[in-house]
Each structure stands twice: as C-alpha cells, then as structure tokens.
Novice: 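I have a structure I would like to understand better, so I am pasting it below and will then ask my questions one at a time.
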Protein chains: 2
Amino acid sequence: MRRLKHTKQFPAADHDHKTCITHALQEAEAYCKQQGLRLTELRRRVLELIWANHQPVGAYDLLEQLTREGRKAAPPTIYRSLDFLMQSSLIHRITSLNAYVGCNHPGLDHAAQFFICEDCGQAAEMDDAKIESAIAKDAKRLGFTVEKRTIEVAGICAHCKHHSKT
Amino acid sequence: MRRLKHTKQFPAADHDHKTCITHALQEAEAYCKQQGLRLTELRRRVLELIWANHQPVGAYDLLEQLTREGRKAAPPTIYRSLDFLMQSSLIHRITSLNAYVGCNHPGLDHAAQFFICEDCGQAAEMDDAKIESAIAKDAKRLGFTVEKRTIEVAGICAHCKHHSKT
DNA sequence: AATGTTACGTTATATTATAACAACATCCCA
DNA sequence: TGGGATGTTGTTATAATATAACGTAACATT
Ligand SMILES: [Zn+2]
Ligand SMILES: [Zn+2]
Ligand SMILES: [Zn+2]
Ligand SMILES: [Zn+2]
C-alpha cells in the first residue's frame, strides 16, 4: 500500500474542471499503455462520462448517456466497463450511493476515504494516514486481516453550507 | 455523540449467544418503553430474527423467515420494521452488504465501525475514538459538516484464519 | 363513540446488478 | 498468413434490493 503525499481538497466551485478531465484521461491512457491494459473506445468513453464532474454517477445514468449517443448498450455493457475501470483503479465505487467516481491517482493501490456532500453531490477523495493506521491497529488487535475498506462520510460541504442561508 | 468506554471484540466462536439474544431484546424493550416507542410484535420479531446470530442478514432473508412463520409479509412489511429499528438505533445497516445487524448499545447515538469476516460472515461493531477524531479533523479542515459515516472493513477474522489451513 | 394518528396489508413498480450465451475483435504463434 | 486462443462486446433474460401509492386496521386521545 503506497501512501500519497497529500490529502486532497474538496473540488472548488470555480476550479477549471476541463483540466481535471483531460488530465484524468491522459493519465488513464498512459497507465493502461504501460500496464498492457486495453482502454477500449467504450471504456474510455465511460471513464470520460464519469469524469464529467466530481459527483458519483450511477450505472444506469451512464447507460442512458451511452444510449443517447447511439451506442447499443445494455446493463452488462456498462457494468463490464465499470469492473474494468475499478480493477484498473481508474475509478472508485461509492458503496453508500451505488455510484461511481473518478480516481485521483489511477493505478496506485491506495486507501481511499470519501467525503460526499449531500447537497451538491460532490465527492472528495482523501488518503488520511491516521484513519488508515487506526484501522490497521484495530485489525491487529482483533487478529483480523483487512481486505477491503469502505469509508464514506456524508454531510454538507463548506461551499453548500455558505450558500444555503436562504 | 456519546463515546463508549470499550471497543468490542469479535464474537467468539464459543460464546453463549442465547444471552446475546435475550439481553438485546430486554434492552430493546426497556429502551422503547422509556422512549415511548412502540416495539410491536412484528418489530420485536424482526429484531429477534436479526439477532439470531452476529451475521448481517438481508431484508429478503428476513422476509422469507416471516413468511415461513405464517405471517403475511411483503417487502414493505420488512423494510418498515427495519426503518423503525434503525431509527431507534436497535440495528445497523451494513451498506457494503445490503444487510442488517443488531446493535450492541441500543438507543445510544454512537459512531460505529464494522469489521466483517468474508469467510464466516460475522460482524464486529467497534467504536474507535481515534478513527472518529481523524475523520472529525479532516472534516474540520474541509469545513465539512458530518452527517453520516459508513466505515466497514471486510477481511478474514482470526478464527477463520486459523481454521482455513486445510 | 368520534377523531386523529400510527402501523400494517397489498399491489405494483423502481433501482441496481448478474447469468448465460452468441458474435465479433484482437493477439500470438506456427 | 492462417487459425486457434483469448478478450471484448452484444443480447436476452432474470436476480436482488428497495420504494410508491393507497387502503385498512389498530391504537390513542378526547
Ligand atoms: Zn474537476
Ligand atoms: Zn456541497
Ligand atoms: Zn452472540
Ligand atoms: Zn470469520
């Protein structure tokens, strides 16, 4: 498990999201090429749709978008792409929402904690060593071998808090 | 948010589970009486079925058991009982499993982290102050107001580890 | 008893995800 | 270059989880 140098911020309301998208796709291309993974047209497009914003998106939403684009798509189409993207660590599944969101550091086997705004729907991916070590410590005490962590915190982000004083 | 004095252990393989059940039901009765909540026959039975063991159980499993007992039950029947029990903090929902498990300290508004064995299916409820404070600290840094936490760690428990050397 | 409220029954449907198999594309080596 | 192995996508059907909507029954309060 590699540890990232920095935890992330919540996506700012006014950030230049186009660079998020292009950056994510470039990273994905490079990573897949390097690993011999096949980022097909379909998978690339699904990843692009997921990166349309920082809000986790449902499988059937993605499916509908593909259909509108004229592609013949049924549920397995999208779920297979999602499986590939998850296995390649290009996206994460947000269990509490049954939704999928782009990963900030693709290909890296990293822990991830998510802060998800219940108002604007945006999700911020964190990598907090303190949380990880606390879990590891509990696991050690229990004699428990950790396989998967699901750490998702729902609430209201700073931006929405300041703009809900109606 | 009250903090519990002790974190729990994984349910031991040979513990006297009958006392777990009777204790849980007694606590539930007392708590509901005190709070003026109506622990009806149905709700009580659902809670009892959930406490049959320490393995989170799915809504449709519970539904099937109710049906076998001769009760007229459709999905809303069970989901309404589950909602009541969750709102009363008598059970927790395990998001990563779509399943429900009895709560160790009913009625208390407490944080909860779950360690879930992928082999035997048992779940252990924790209340680790370090995890909580780490999350609170991140939230503060983000200006994020925490509403709900979903912290679920899947893996292999000590007991299953020792017995899987086949 | 009349009334308001809560809980439950019932039917239908929404939402999320997978099974199974066929068709097609890509890769690798003989 | 051909031809089988492997991987990807299309297609149909269905599983698994959850909720909407509405009526009826039980309970509580007066
Ligand atoms: Zn962005
Ligand atoms: Zn927000
Ligand atoms: Zn027990
Ligand atoms: Zn186990």
Side-chain angles (χ1 to χ4, degrees), chain A residues 28-29 32-33 35-50 55-88 90-101 121 148 150 152, chain B residues 28-29 32-33 35-50 55-88 90-101 121 148 150 152:
Chain A
E29 300 268 18
C32 288
K33 193 163 193 176
Q35 297 288 312
L37 299 170
R38 291 163 62 181
L39 186 63
T40 62
E41 186 54 35
L42 173 64
R43 291 165 172 173
R44 201 194 124 93
R45 182 60 184 143
V46 171
L47 180 60
E48 197 174 11
L49 289 174
I50 289 172
Q55 303 166 4
V57 57
Y60 280 74
D61 275 358
L62 293 166
L63 188 55
E64 198 190 322
Q65 294 182 69
L66 287 181
T67 302
R68 272 204 301 263
E69 292 176 358
R71 185 183 278 268
K72 296 284 178 67
T77 307
I78 191 72
Y79 280 104
R80 284 187 291 228
S81 285
L82 292 172
D83 284 347
F84 169 84
L85 294 171
M86 279 191 287
Q87 282 185 4
S88 308
L90 295 169
I91 62 172
H92 290 284
R93 180 170 192 269
I94 306 297
T95 303
S96 58
L97 298 178
N98 292 331
Y100 306 82
V101 72
K148 287 175 220 156
T150 302
E152 297 168 12
Chain B
E29 299 267 18
C32 288
K33 194 163 193 175
Q35 297 287 311
L37 298 169
R38 290 162 63 181
L39 187 61
T40 62
E41 185 54 36
L42 173 64
R43 291 165 173 173
R44 202 193 123 93
R45 183 58 185 144
V46 171
L47 181 60
E48 197 175 12
L49 289 173
I50 289 172
Q55 302 167 5
V57 57
Y60 280 76
D61 276 359
L62 293 167
L63 188 55
E64 198 191 322
Q65 294 182 69
L66 287 180
T67 302
R68 273 205 300 262
E69 291 176 358
R71 183 183 280 268
K72 298 283 180 63
T77 308
I78 191 71
Y79 280 104
R80 283 188 290 227
S81 285
L82 292 171
D83 284 346
F84 168 84
L85 294 170
M86 278 191 287
Q87 282 185 3
S88 308
L90 295 169
I91 62 172
H92 290 283
R93 180 168 194 270
I94 305 297
T95 303
S96 58
L97 298 177
N98 293 332
Y100 306 82
V101 72
K148 289 176 218 153
T150 301
E152 297 167 13

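Below, chain A is the first sequence line, B the second, and so on; all start at residue 1. Predicted, not measured: the structure shown is a model, and the values here were computed from it.
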Novice: List the residues meeting salt bridge (Lys or Arg N to Asp or Glu O under 4.0 Å) with Lys148(B), not counting sequence neighbours, and say none if there are none.
Specialist: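 With neighbours one apart ignored, the set is Glu118(A).
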Novice: Between protein and nucleotides 22-30 of chain D, map the contacts as a letter string: B base, S sugar-phosphate only, - none, heavy atoms under 4.0 Å, written 5' to 3'.
Specialist: -----S---
Novice: Which angle, to the nearest 10 degrees, lies between the helix axes at the two ends of the helix from dA1(C)-dT30(D) to dA30(C)-dT1(D), each defined by five pairs?
Specialist: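 End-to-end axis angle: 30°.
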Novice: Over all heavy atoms of both residues, which pair between Cys32(A) and Leu39(A) is shortest? Give the atoms and the distance, please.
Specialist: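 That would be SG-CB, 3.9 Å.
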Novice: My understanding is that only residues two or more places apart in sequence, or in another chain, count here; which of them pass salt bridge (Lys or Arg N to Asp or Glu O under 4.0 Å) with Arg71(A)?
Specialist: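 Counting only residues at least two positions away or on another chain, Arg71(A) forms no salt bridge (Lys or Arg N to Asp or Glu O under 4.0 Å).
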Novice: Test of understanding: with side-chain hydrogen bond (donor to acceptor under 3.5 Å, both in side chains), list the residues that count as partners of Gln35(B), not counting sequence neighbours.
Specialist: none
Novice: Let me confirm one number: the CG-CD1 distance from Leu90(A) to Ile50(A), rounded to the nearest 0.5 Å.
Specialist: 9.5 Å
Novice: Any pair with a residue in residues 57-67 of chain B that passes salt bridge (charged side-chain N to carboxylate O under 4.0 Å, His left out), sequence neighbours left out, goes on the list, sorted by first then second residue, please.
Specialist: Glu64(B)-Arg68(B)
Novice: Please give me every residue in residues 41-48 of chain A whose heavy atoms get under 4.0 Å of an atom in DNA chain C, ordered by residue number.
Specialist: none
Novice: Whole-Å distance between dT8(D) P and Ile78(A) CD1?
Specialist: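 The distance from CD1 of Ile78(A) to P of dT8(D) comes to 16 Å, rounded to the nearest Å.
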Novice: Knowing that exactly one of Leu47(A), Leu42(A), Leu49(A) qualifies, which makes a side chain to side chain contact (heavy atoms under 4.5 Å, CB included) with Arg45(A)?
Specialist: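 Testing Arg45(A) for a side chain to side chain contact (heavy atoms under 4.5 Å, CB included) against Leu47(A), Leu42(A), Leu49(A) leaves exactly one candidate, Leu49(A).
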Novice: Return all side-chain donor-acceptor pairs below 3.5 angstrom for residues 93-100 of chain B, not counting sequence neighbours, or 'none' if the list is empty.
Specialist:
{"residue": "Arg93(B)", "atom": "NE", "partner": "Tyr100(B)", "partner atom": "OH", "Å": "3.3"}
{"residue": "Arg93(B)", "atom": "NH2", "partner": "Asn98(B)", "partner atom": "OD1", "Å": "3.0"}
{"residue": "Ser96(B)", "atom": "OG", "partner": "Glu152(B)", "partner atom": "OE1", "Å": "2.5"}

Novice: Mind listing the closest non-hydrogen atom pair of Thr67(B) and Ala73(B) along with its distance?
Specialist: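 Result for this residue pair: OG1-O, 4.2 Å.
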Novice: What side-chain donor-acceptor pairs closer than 3.5 Å can you find for residues 74-87 of chain A, not counting sequence neighbours?
Specialist:
{"residue": "Thr77(A)", "atom": "OG1", "partner": "Ala74(A)", "partner atom": "N", "Å": "3.1"}
{"residue": "Thr77(A)", "atom": "OG1", "partner": "Ala74(A)", "partner atom": "O", "Å": "3.1"}
{"residue": "Arg80(A)", "atom": "NE", "partner": "Pro76(A)", "partner atom": "O", "Å": "3.4"}

Novice: For Glu41(A), what residues pass the salt bridge (Lys or Arg N to Asp or Glu O under 4.0 Å) criterion, not counting sequence neighbours?
Specialist: none
Novice: Check nucleotides 18-20 of chain D for protein N or O atoms closer than 3.5 Å to its own N or O atoms and list the pairs.
Specialist:
{"residue": "dA18(D)", "atom": "OP1", "partner": "Arg93(B)", "partner atom": "NE", "Å": "3.4"}
{"residue": "dA18(D)", "atom": "OP1", "partner": "Arg93(B)", "partner atom": "NH2", "Å": "2.0"}
{"residue": "dA18(D)", "atom": "OP2", "partner": "Tyr79(B)", "partner atom": "OH", "Å": "2.9"}
{"residue": "dA18(D)", "atom": "OP2", "partner": "Tyr100(B)", "partner atom": "OH", "Å": "3.3"}
{"residue": "dA18(D)", "atom": "O5'", "partner": "Tyr79(B)", "partner atom": "OH", "Å": "3.3"}
{"residue": "dA18(D)", "atom": "N7", "partner": "Tyr60(B)", "partner atom": "OH", "Å": "2.5"}
{"residue": "dA18(D)", "atom": "N6", "partner": "Tyr60(B)", "partner atom": "OH", "Å": "3.3"}

Novice: To the closest 0.5 Å, what do you measure between CG (Leu66(B)) and NZ (Lys72(B))?
Specialist: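 NZ of Lys72(B) is found 13.5 Å from CG of Leu66(B).
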Novice: Taking heavy atoms of chain B and a 4.0 Å limit, find me the 5'-most and 3'-most nucleotide of DNA chain C within that range.
Specialist: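 Counting from the 5' end, contacts occupy dT6(C) to dT11(C).
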Novice: So, is Thr77(A) near the phosphate of dG10(D), with a side-chain N or O under 4.0 Å from OP1 or OP2?
Specialist: yes
Novice: What distance separates Glu48(B) CD from Gln65(B) CD, expressed to the nearest 0.5 Å?
Specialist: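 Glu48(B) CD to Gln65(B) CD: 11.0 Å, rounded to 0.5 Å.
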Novice: Quick check on DNA chain D: between Lys72(A) and Leu97(B), whose nearest nucleotide comes earlier from the 5' end?
Specialist: Lys72(A)
